[in-house]
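Remarks on the structure that follows.
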Amino acid sequence: MFEEKIKVCREWLYGIKVLYADKLDISIAVDDSNEFVANIDSAHHLGQLCVSQPDFRPYDFVEFTILAMRQDSDQVPTFWYGDRAEDTVQDIINNLNRGLNILLEES
């Protein structure tokens, strides 16, 4: 189960890296068999995708966090956890794409 989720997240990330090279600054912090961490930044947002085994983090498998770069100190980040047992690969892709839309917003 984990191997499939980390694989699909890697493929998604490398796909958007090519498609949105002019709009996103993507850097890979960790990429090994146990963990995948990528920073995804745009002109107005900072994002991070983390995929790891449940024993690495307080969630199971996938976390996608996005923070707007405005100056509000009480700002709450947007996040999604792909850690329900019934989450399918398509659920993961759909939620990653929702996050991508937020990252690409102009404000």
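These numbers come from the heavy atoms of this one structure, side chains and all, not from hydrogens, waters or symmetry mates.
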Is any side-chain heavy atom of L46 closer than 4.5 Å to a side-chain heavy atom of M69? yes

Does Q90 have any side-chain contact (heavy atoms from CB on, under 4.5 Å) partners at least two apart in sequence or in another chain, and if so, which? T88, I93, N94

Can you see which heavy atom on I28 is nearest to which on A38, and at what distance? CD1-CB, 3.9 Å

Using side-chain heavy atoms (C-beta onward) and a distance below 4.5 Å, is D87 in contact with Y81? no

Can you name the nearest heavy-atom pair linking H45 to A68, along with the distance? CD2-CA, 3.7 Å

Decide yes or no for T65 and L49: does some side-chain heavy atom of the first lie under 4.5 Å from some side-chain heavy atom of the second? no

Just jot down the side-chain contact (heavy atoms from CB on, under 4.5 Å) partners of N101, sequence neighbours excluded, or say none. none

Look up atom CG in D41 and atom CD in Q48, then write down how far apart they are to the nearest 0.5 Å. 9.5 Å

Please name all residues satisfying side-chain contact (heavy atoms from CB on, under 4.5 Å) with F2, sequence neighbours left out, ordered by chain then number. I6, V51, Q53, F61

Once you round to the nearest 0.5 Å, how far does CG of L67 lie from CD1 of I102? 11.5 Å

Partner residues of A43 under the side-chain contact (heavy atoms from CB on, under 4.5 Å) criterion, sequence neighbours left out: none

May I have the list of side-chain donor-acceptor pairs in residues 9-20 shorter than 3.5 Å, sequence neighbours left out?
residue	atom	partner	partner atom	Å
R10	NE	D31	OD1	2.6
R10	NH2	D31	OD1	2.9
R10	NH2	D32	O	2.6
W12	NE1	N97	OD1	2.8
Y14	OH	D31	OD2	3.2

Heavy-atom nearest pair, E105 first then H44, reads O-CD2, 3.8 Å

Which heavy atom in I40 sits nearest to a heavy atom in F64, and how many Å separate them? CD1-CE1, 3.9 Å

Quick check for you: to the nearest 0.5 Å, what is the distance between C50 atom SG and N39 atom CG? 8.0 Å

